[in-house]
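Working notes, structure below.
In this text the structure is predicted, and so the values were computed from the model without any measurement.
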Amino acid sequence: MTTPPLQQPLRALHQALRDGSVSAVELADSASQAYRTRGQHDHAYMTWNGDAALAFAKATDALLQQGGDAGALMGLPVSIKDIYAVPGLPTYAGSSRRLPAEWETPGPVVSALLNQLPVVMGKTHTVEFAFGGLGTNAHHGAPRNPWDTLAHRTPGGSSSGAGVSLASGTAGLAFGTDTAGSVRVPASMTGVAGLKTTVGRWSTAQIVPLSTTLDTPGLLARRVDDLAFAFDALDPGLSPAPGAVPTTPDLADLTFGVPEQFFWDDCSPGIAEAVQDAIKQLEAAGARIVTLELPKMDDAFTLFQQGGLAAAELAAFLHTTLPDAIEELDPNVAARIAAADGMPGWEYVRRRQVIDELTRAASERLTQVDAVLTPTVAITPPTLESLAPEGAYPKANMKALRNTVIANFMGLCALTLPVGRDAANMPVGLQVMAGPWQDARLLAIGQAIEAKLGNGLDVLGEVPTVG
């Protein structure tokens with residue numbers, strides 16, 4: 001069986017586009033074929049851009065043949081979460097109505113991407129206003145997690161279509177956002193890799209806001225090396241202090257902190273076991289594993305249970321910018337917005353102060369290790385049916401985000417990569433967290449881990465076919 005081209009590493013596709021062994025049209029055709037084969041089933045896209053993408057790919061090939069080169073991402077099929085403003089494509093942000101035209105003018109991240117002439121296959125589904133970790137949406141439906149062809153399982157959220165677009169072969173790189181885990185949760189649940197950047201490293205301008213304090217742009221890809229390739233292409237033009245690209249370290253030179261508390265609580269069967277096995281493999285390869293508890297975890301978890309900052313900051317955005325959207329909110333989103341209405345100003349300020357203190361304490365603690373390792377998501381992706389009973393959704397949503405939100409509250413950068421399957425045969429992610437502004441170093445560490453453990457296709461095998 002011929003391997004679909006989009007399963008190849010992005011570095012290999014980059015070279016193949018330039019030596020003529022593959023064309024942008026062939027890549028776009030492969031993505032379009034995957035969309036025709038399983039697009040309606042997987043439901044990854046809010047807006048599919050296939051015809052326009054193919055025409056753009058033809059023009060890109062012509063430019064490449066003339067020796068033109070706009071950047072490392074040129075000609076590569078990408079998907080973009082429907083919360084980013086993208087020229088020529090509508091923005092809904094998961095809501096019931098199209099947002100005003102101003103949300104089709106790109107900000108710095110999309111501009112930096114488009115300047116390199118990638119092939120944009122479309123805009124992927126999101127939880128309404130990115131406010132949820134499971135991937136459901138009352139207006140447009142939830143994408144299907146492609147790893148279960150029988151039951152409709154959640155794909156993770158809020159970047160709910162991003163991981164699905166990769167797993168089902170309609171994109172080679174996906175753009176998402178992460179406020180409490182919205183890149184890492186869908187990446188983990190769909191068996192791909194995902195990067196949450198440090199707050200402030202990449203601009204959030206012209207990305208519909210959930211939390212102005214915690215929002216970060218992020219990337220999803222089939223493997224950590226693909227994330228590193230795309231990050232290196234984008235970061236020099238986006239980061240205020242990008243620095244040099246680090247070399248991939250030897251595992252024997254790395255020290256990993258592994259907490260014994262919190263992150264392992266109430267894991268679904270098989271999740272803790274898969275992550276623990278991965279850590280043992282890293283230790284056997286020479287990595288030093290030490291016990292390291294993150295500071296002020298009680299404060300962090302209490303803040304999470306109280307709702308953090310997102311509800312209040314999203315409410316402020318909606319009331320001042322899109323007041324007409326409030327009456328039509330997804331009930332799961334509306335309930336969380338309503339809970340913020342009674343928050344006094346002093347309580348909001350107090351929560352901001354807690355975030356600042358958590359960030360300071362965590363930054364200091366992480367100087368003791370190269371990175372911290374935990375399970376990414378503690379629960380098996382639930383079926384939509386299991387979320388229907390009263391109270392089931394908020395309970396599962398809290399559990400899905402519990403492990404990832406800590407990096408957001410503590411100002412860390414973080415990534416996830418697949419390391420196996422749980423007892424339900426669904427993907428399991430290993431979360432790797434590092435101090436603020438260590439994004440490039442974190443990716444290099446992730447590459448070293450991936451070199452030992454294998455990438456998603458090695459670990460998980462092929463995504464099941466439909467039918």
Side-chain angles (χ1 to χ4, degrees), residues 81-85 91-95 99-100 102-103 107-109 126-134 137 157-159 176-185 196-218 299-359 394 397-398 400-402 404-412 436:
K81 183 179 182 178
D82 187 32
I83 200 169
Y84 286 81
T91 298
Y92 289 84
S95 67
L99 270 56
E102 67 188 80
W103 290 106
V109 171
T126 175
V127 177
E128 188 169 24
F129 295 109
F131 204 13
L134 295 175
N137 188 298
S158 63
S159 307
T177 59
D178 195 309
T179 304
S182 288
V183 161
R184 289 160 291 151
V185 174
K196 170 217 172 303
T197 56
T198 302
V199 169
R201 185 169 189 124
W202 291 0
S203 171
T204 56
Q206 290 305 100
I207 301 172
V208 180
L210 168 57
S211 168
T212 52
T213 300
L214 299 175
D215 289 348
T216 56
D299 292 345
F301 188 52
T302 298
L303 182 61
F304 178 50
Q305 291 175 310
Q306 292 171 336
L309 300 172
E313 293 183 337
L314 177 57
F317 169 73
L318 292 177
H319 281 289
T320 58
T321 307
L322 298 171
D324 292 343
I326 296 174
E327 292 184 0
E328 300 176 7
L329 287 173
D330 180 326
N332 288 321
V333 175
R336 300 175 74 187
I337 294 292
D341 287 345
M343 182 189 297
W346 64 263
E347 173 62 12
Y348 173 77
V349 172
R350 185 195 69 81
R351 294 186 187 187
R352 286 291 303 266
Q353 291 171 339
V354 171
I355 294 288
D356 291 343
E357 178 56 25
L358 288 170
T359 298
N397 188 60
M398 291 282 283
L401 294 168
R402 184 195 71 196
T404 53
V405 73
I406 299 304
N408 302 84
F409 282 176
M410 294 187 173
L412 308 177

Notebook entry, point to check: How long is the span from the CG atom in Leu134 to the CG atom in Leu401, to the nearest 0.5 Å?
Noted result: 7.0 Å
Next item on the list: Just jot down the ring pair (Phe, Tyr, Trp, His ring centres under 6.0 Å) partners of Phe317, sequence neighbours excluded, or say none.
Entry: none
Notebook entry, point to check: With side chains defined as the heavy atoms from C-beta onward, is the minimum distance between Lys81 and Ser182 less than 4.5 Å?
Noted result: yes
Notebook entry, point to check: Got a sec, which residues hit side-chain hydrogen bond (donor to acceptor under 3.5 Å, both in side chains) with Lys196, two or more places apart in sequence or on another chain?
Noted result: none
Checklist line | Residues which pass side-chain hydrogen bond (donor to acceptor under 3.5 Å, both in side chains) with Asp215, listed by chain and number, not counting sequence neighbours | finding: Thr179
Check: Does anything in residues 314-331 pair up under salt bridge (Lys or Arg N to Asp or Glu O under 4.0 Å), and if so which pairs, sequence neighbours excluded?
Finding: Arg97-Glu328
Notebook entry, point to check: Could you state the interatomic distance from CZ (Arg402) to CZ (Phe301), rounded to the nearest 0.5 Å?
Noted result: 7.0 Å
Note to self: Restricting to non-hydrogen atoms, name the atom on Val109 and the atom on Pro217 that form the minimum distance, rounded to 0.1 Å.
What the structure shows: CG2-CG, 4.1 Å
Note to self: Pro331: which residues meet the side chain to side chain contact (heavy atoms under 4.5 Å, CB included) condition with it, sequence neighbours left out?
What the structure shows: Ala138
Notebook entry, point to check: Is the shortest heavy-atom distance from the side chain of Met398 to the side chain of Phe304 under 4.5 Å?
Noted result: yes
Checklist line | Partner residues of Gln306 under the side chain to side chain contact (heavy atoms under 4.5 Å, CB included) criterion, sequence neighbours left out | finding: Thr302, Leu303, Glu347, Arg350, Arg351
Item checked: Flag side-chain contact, heavy atom, 4.5 Å: Val183 against Thr177 -> no
Next item on the list: Please identify each residue that fulfils side-chain hydrogen bond (donor to acceptor under 3.5 Å, both in side chains) with Ser95, with sequence neighbours left out.
Entry: none
Notebook entry, point to check: Quick one: does Asn137's side chain have a donor or acceptor within less than 3.5 Å of a partner on Val127's backbone?
Noted result: no
Notebook entry, point to check: Among pairs that include at least one residue of residues 204-213, which meet side-chain hydrogen bond (donor to acceptor under 3.5 Å, both in side chains), considering only residues two or more places apart or in two chains?
Noted result: Ser211-Glu313, Thr213-Glu313, Thr213-Arg352
Check: Who are the side chain to side chain contact (heavy atoms under 4.5 Å, CB included) partners of Pro323, not counting sequence neighbours?
Finding: none
Check: How close do Val199 and Leu214 get, heavy atom to heavy atom, and via which atoms?
Finding: CG2-O, 3.8 Å
Next item on the list: Sequence neighbours left out, what passes side chain to side chain contact (heavy atoms under 4.5 Å, CB included) with Ala205? Give chain and number order.
Entry: Pro108, Ser203
Notebook entry, point to check: In Å, rounded to the nearest 0.5 Å, how long is the span from CG of Leu314 to CD1 of Ile326?
Noted result: 8.5 Å
Checklist line | Non-neighbouring partners of Asn408 that pass side-chain hydrogen bond (donor to acceptor under 3.5 Å, both in side chains), sequence neighbours left out | finding: Asp178, Arg184
Check: Is there a donor-acceptor pair closer than 3.5 Å between any side-chain N or O of Ser158 and the backbone N or O of Phe131?
Finding: no
Item checked: Closest contact, heavy atoms only, Ala130 versus Leu210 -> O-CD2, 3.2 Å
Notebook entry, point to check: Is a side-chain N or O of Tyr84 found less than 3.5 angstrom from the main chain of Gly176, in a donor-acceptor match?
Noted result: yes
Next item on the list: Return each pair, listed once, that meets side-chain hydrogen bond (donor to acceptor under 3.5 Å, both in side chains) where at least one residue sits in residues 331-346; pairs must be two or more places apart or across chains.
Entry: none
Check: Are Leu329 and Phe129 close enough that some pair of their side-chain heavy atoms sits under 4.5 Å apart?
Finding: yes
Checklist line | Euclidean distance, Leu412 CG relative to Thr216 OG1, rounded to 0.5 Å | finding: 11.5 Å
Notebook entry, point to check: Distance-only, no hydrogens or angles: does the Thr126 side chain make a donor-acceptor pair with backbone N or O of Ile83 under 3.5 Å?
Noted result: no
Check: Roughly how far, to the nearest 0.5 Å, is the CH2 atom of Trp202 from the OG1 atom of Thr197?
Finding: 6.0 Å
